[in-house]
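One structure below.
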Amino acid sequence: MGRLFFFFLVLATVWLLVYQYIQFSADPDLKDGPPPTALHPAVAEKKDELIAQAAANGINVVITQDFRSIEEQNALYEKGRTAEGNIVTHAKGGESYHNFGLAIDFALMSVDGQVIWDMQYDGNGNSKADWMEVVAIAKNLGFEWGGDWAKFKDYPHLQLDFGLSIWELQRGKRPPEAE
């Protein structure tokens, strides 16, 4: 009796895996568009809003990265592994929202023009960390913040994923041009 149950359990599991494979590979929605070569227009618009709203609060935001090619992503991935430096990402080329034009990285610019990543810096003098003020603005604009991630905190990272996973993006699914 136990062997028969185990046999049917294995058979059902295999059938479910085959069914899911067929469903995903046959989904016509997964071939929507070519690989991106620039920041998505809606992300670019939100980026500009972020910079403007931060400036209105006396905070100078600098975008240090936006769209990133597969080659650029692979070079970043190698840092701290096969290249000199610290590990800055766990995403290889094609595994980052930057590769699909859906992410930006930011830093702050001090009053003397220095680009800084100091999360405690209070350049506008309101007793609040400018970094967290920018994060709050970004979240209100719909961005997801890498500092909220459980495993690898990526404090400069902001992304708009439009409900799409990396898996879907890798298979050609694209967000609409207009939000």
Side-chain angles (χ1 to χ4, degrees), residues 33-81 83-166 169 174-179:
T37 57
L39 200 58
H40 187 279
V43 178
E45 184 179 316
K46 297 284 186 179
K47 172 196 76 163
D48 293 342
E49 289 178 41
L50 174 69
I51 293 168
Q53 288 184 30
N57 288 323
I59 303 169
N60 293 319
V61 172
V62 177
I63 303 304
T64 58
Q65 286 274 288
D66 52 24
F67 172 80
R68 193 182 295 147
S69 71
I70 301 292
E71 295 77 20
E72 291 169 322
Q73 186 70 37
N74 282 331
L76 275 181
Y77 180 80
E78 293 306 321
K79 283 189 175 186
R81 293 176 177 90
E84 211 173 299
N86 296 322
I87 291 177
V88 295
T89 184
H90 290 296
K92 294 179 181 178
E95 297 175 355
S96 170
Y97 283 95
H98 284 284
N99 303 142
F100 300 96
L102 303 179
I104 59 175
D105 291 340
F106 78 96
L108 304 173
M109 183 174 287
S110 67
V111 291
D112 62 354
Q114 298 295 314
V115 176
I116 57 174
W117 286 266
D118 180 355
M119 292 180 59
Q120 307 308 315
Y121 179 75
D122 180 24
N124 63 1
N126 67 353
S127 300
K128 297 179 194 170
D130 291 355
W131 195 277
M132 297 312 295
E133 289 184 77
V134 172
V135 167
I137 294 167
K139 286 181 175 184
N140 283 336
L141 291 170
F143 283 102
E144 176 184 341
W145 179 44
D148 286 334
W149 296 343
K151 293 187 180 181
F152 183 75
K153 304 279 188 187
D154 190 354
Y155 296 106
H157 184 88
L158 302 168
Q159 69 186 36
L160 286 172
D161 62 21
F162 298 87
L164 297 171
S165 68
I166 290 292
L169 292 165
R174 300 290 177 257
E177 288 297 311
E179 200 176 359

Would you mind writing out the side-chain donor-acceptor pairs for residues 85-93 within the sub-3.5 Å range, not counting sequence neighbours?
residue: Thr89; atom: OG1; partner: Ala91; partner atom: N; Å: 3.0
residue: His90; atom: ND1; partner: Arg81; partner atom: NH2; Å: 3.3

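- Lys47 has its side chain out of reach of Phe106: every pair of non-hydrogen atoms, C-beta onward, lies at least 4.5 Å apart.
- The residue from Phe162, Phe100, Phe67 that alone fulfils the ring pair (Phe, Tyr, Trp, His ring centres under 6.0 Å) condition with His40 is Phe162.
- Listed by chain and residue number, nothing satisfies the side-chain hydrogen bond (donor to acceptor under 3.5 Å, both in side chains) test with Trp117 (two or more places apart in sequence, or in another chain).
- Residues forming a side-chain hydrogen bond (donor to acceptor under 3.5 Å, both in side chains) with Glu95 (at least two apart in sequence, or on another chain): none.
- Remark: Ala103 pairs with Tyr97, His98, His157, Gln159 by the side-chain contact (heavy atoms from CB on, under 4.5 Å) rule, at least two apart or across chains.
- Counting heavy atoms from C-beta on, the side chains of Arg174 and Pro36 come closer than 4.5 Å.
- With Asn99 contributing its side chain and Arg68 its backbone, the two residues share a donor-acceptor pair below 3.5 Å.
- Legend: salt bridge (charged side-chain N to carboxylate O under 4.0 Å, His left out) pairs involving residues 70-79, not counting sequence neighbours: none detected.
- With sequence neighbours excluded, no residue satisfies side-chain contact (heavy atoms from CB on, under 4.5 Å) with Asn140.
- Under the side-chain contact (heavy atoms from CB on, under 4.5 Å) criterion, Ser127 pairs with no residue at all, not counting sequence neighbours.
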Sequence neighbours left out, cut at 3.5 Å: what donor-acceptor pairs do the side chains of residues 52-64 make with other protein atoms?
residue: Asn57; atom: ND2; partner: Gln53; partner atom: O; Å: 3.4
residue: Thr64; atom: OG1; partner: Asp105; partner atom: O; Å: 3.3

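- For Asn74, the side-chain hydrogen bond (donor to acceptor under 3.5 Å, both in side chains) test picks out no residue, with sequence neighbours left out.
- Residue Ser110 comes nearest to Ile116 through the heavy atom pair CB-CD1, 4.3 Å, listed as atom of the first residue, atom of the second, then distance.
- For the salt bridge (charged side-chain N to carboxylate O under 4.0 Å, His left out) condition, no pair includes a residue of residues 153-165, sequence neighbours left out.
- Nearest heavy-atom pair, Tyr121 versus Val111, reported as atom, atom and distance to 0.1 Å: OH-N, 3.4 Å.
- Legend: residues meeting salt bridge (charged side-chain N to carboxylate O under 4.0 Å, His left out) with Lys139, ordered by chain and number and at least two apart, are Asp148.
- In terms of the side-chain hydrogen bond (donor to acceptor under 3.5 Å, both in side chains) criterion, Glu49 has no residue partners (sequence neighbours excluded).
- Here the side chain of Trp131 pairs no donor or acceptor atom with the backbone of Gln120 at under 3.5 angstrom.
- You'll find the side chain of Leu50 reaches within 4.5 Å of the side chain of Val134, heavy atoms only.
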